[in-house]
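Step one of this worksheet: look at the structure below.
Below, chain A is the first sequence line, B the second, and so on; all start at residue 1.
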Protein chains: 2
Amino acid sequence: MRADARRNLDAVLKAAITVFAEQGVDAPMRTIAAAAGVGVGTIYRHFPQRSDLIKAIIRREVDARTERAAALAAGHPPGEALALWLEGLVDLVATKRGLGPALHSGDPAYQSLPDYVLGQLTPALEGLLDEAAAAGEIRPKTDANELLLAALRLASPASDGKPEEARRMMALLFDGLRYGAKAAR
Amino acid sequence: MRADARRNLDAVLKAAITVFAEQGVDAPMRTIAAAAGVGVGTIYRHFPQRSDLIKAIIRREVDARTERAAALAAGHPPGEALALWLEGLVDLVATKRGLGPALHSGDPAYQSLPDYVLGQLTPALEGLLDEAAAAGEIRPKTDANELLLAALRLASPASDGKPEEARRMMALLFDGLRYGAKAAR
DNA sequence: GCTTATACGGAACGATGTTCCGCTTAGCAA
DNA sequence: TTGCTAAGCGGAACATCGTTCCGTATAAGC
């Protein structure tokens with residue numbers, strides 16, 4: 001890959017992160033191009049689909065969440081680790097404005113995004129759930145994928161500027177996990 | 001109001017319901033206009049904002065939900081009435097494709113829509129919650145607005161074509177209400 | 001039938017996504 | 001250093017869509 005191509009790709013990613021944070025993932029391509037100091041053609045060459053650009057930006061965040069699950073599991077009691085991880089997830093979606101909408105848009109063009117996000121996060125959450133269930137802190141046999149979908153959905157509206165709201169809804173959902181926990185013992 | 005205006009308004013509403021169901025609420029205005037057999041100008045005269053059109057369509061559905069709350073409360077045990085009502089809500093959002101996205105878009109133009117929906121449904125839900133809490137079936141002091149927001153969010157993704165998924169997530173949330181119910185007694 | 005205010009249709013305008021191609025330049029060889 | 005070439009670039013061009021506007025058509029009352 002040519003050096004200038006590499007430079008431009010970095011500039012595009014950096015600009016996209018900024019613009020997406022300010023205007024959401026539907027921001028005009030021209031705006032991103034201008035912020036990166038390149039032409040729109042350059043963006044489309046590197047990212048044929050808009051979702052490719054979004055995916056590239058989100059991938060690292062998602063990976064970080066995956067790793068964080070292991071770190072939390074090692075340093076906290078099972079139930080607490082699970083709660084903390086879910087809370088962090090809410091903050092991620094709330095912060096990365098547009099991630100939520102993109103995930104749930106239903107637009108086929110974004111199909112690969114939820115697939116990747118769920119594919120990465122589900123196993124991480126599964127581990128946390130298993131440990132919490134084994135410790136009797138939550139009910140057993142909670143489907144990780146299902147819980148993850150719910151959590152992502154609840155967190156999405158936080159882009160309205162009310163992360164507090166999302167956190168409270170998440171707490172409500174978490175209580176649902178605790179219901180019937182004793183039966184596990 | 002002139003007779004032809006009335007006719008056209010009905011035609012527009014009918015066409016919009018069909019087109020929205022097929023393509024979502026972001027469907028091109030021209031498509032709706034063509035389906036209704038009118039010019040786009042006619043639509044914009046009756047509904048200056050896109051959200052006005054959506055609101056008109058949804059209003060009746062929301063009103064129906066409000067009335068249903070009373071009917072359910074009269075014919076079922078408190079906890080069951082609440083569960084049934086929430087389930088019906090999920091079906092509404094799942095069926096009326098685009099309602100969910102419109103509610104959570106965050107676009108200021110849609111501001112009035114969630115205001116109306118929440119304004120109507122919150123009191124209805126409040127009644128069901130109070131009765132269920134008084135009967136000790138769920139924990140007391142659950143904020144109706146908060147629960148409603150969560151329910152609407154969980155239901156939204158059902159437009160993907162998986163109402164089952166939404167219903168399961170809703171069940172999970174409902175269990176959260178039951179957690180700590182005994183403390184109410 | 002005549003008048004007039006109401007309502008209509010669709011052209012026109014501006015914004016945006018996406019494609020395409022002539023020009024530029026990095027990387028390399030001599 | 002110079003020249004070659006293919007990778008890469010920029011932005012004009014095209015298509016689509018939301019929204020506005022105005023000349024024309026017509027419902028309703030006299």
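- Not one side-chain nitrogen or oxygen of A:Asn8 sits closer than 4.0 Å to the OP1 or OP2 atom of D:dG8.
- Taking 3.5 Å as the limit, the base of D:dA7 and the side chain of A:Arg2 contain a donor-acceptor pair of atoms between them.
- A sub-4.0 Å separation between OP1 or OP2 of C:dA7 and a side-chain N or O of B:His46 is absent.
- D:dC17 atom C1' lies 13 Å from atom CD of B:Gln23, rounded to whole Å.
- Per the geometry, CZ belonging to A:Arg45 stands 8 Å off P belonging to D:dG10, to the nearest Å.
- With hydrogens and angles ignored, no donor-acceptor pair closer than 3.5 Å exists between the side chain of B:Arg50 and the base of D:dG18.
- B:Arg178 has a carboxylate O that lies under 4.0 Å from a charged side-chain N of B:Asp175, or vice versa, which qualifies the two as a salt bridge.
- The distance from atom CZ of A:Arg65 to atom CG of A:Leu72, rounded to the nearest 0.5 Å, is 9.0 Å.
- In this entry the distance linking CG of A:Leu9 with P of C:dA26 reads 17 Å, nearest Å.
- Summary of the strand contacts: A:Arg30 and A:Arg6 both lie near DNA chain D, and taking for each the nucleotide with the nearest heavy atom, the more 5' one is attributed to A:Arg6.
- Across C:dT19, D:dT20, D:dG8, the shortest atom-to-atom separation from the side chain of B:Tyr44 is found for D:dT20.
- Note on B:Thr42: every side-chain N or O is 4.0 Å or more away from OP1 and OP2 of C:dA7.
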Discussion item. Salt bridge (charged side-chain N to carboxylate O under 4.0 Å, His left out), that's the test. Do B:Lys14 and B:Asp10 meet it? Break it down for me.
Written reply: CA-CA 6 Å; B:Lys14 195 173 170 189; B:Asp10 287 345; over 6 Å; no
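- With C:dA7, C:dT18, D:dT19 as the choices, the nucleotide that has an atom nearest any side-chain atom of A:Val40 turns out to be C:dT18.
- Using a cutoff of 4.0 Å between basic side-chain nitrogens and carboxylate oxygens, B:Asp143 and A:Arg168 are not scored as salt-bridged.
- Residue B:Ile32 contributes atom CD1, which lies 17 Å from atom P of C:dG10 at whole-angstrom precision.
- Regarding B:Met1, its CE atom lies at a distance of 7 Å from the P atom of C:dA7, rounded to whole Å.
- When rounded to the nearest whole Å, the span between CD1 of A:Ile43 and P of C:dG17 equals 10 Å.
- To the nearest 0.5 angstrom, B:Leu13 atom CG is 4.5 Å from B:Phe47 atom CZ.
- Counting any heavy atom pair closer than 4.0 Å across all strands shown, B:Ala36 reaches no nucleic acid atom.
- The interatomic distance linking A:Phe47 (CZ) with D:dG8 (P) rounds to 14 Å, in whole Å.
- Heavy-atom distances to DNA chain D give each of B:Pro28 and B:Asp4 a nearest nucleotide, and the one nearer the 5′ end belongs to B:Pro28.
- Taking atom CE of A:Met29 as the reference point, atom P of D:dC14 lies 21 Å away to the nearest angstrom.
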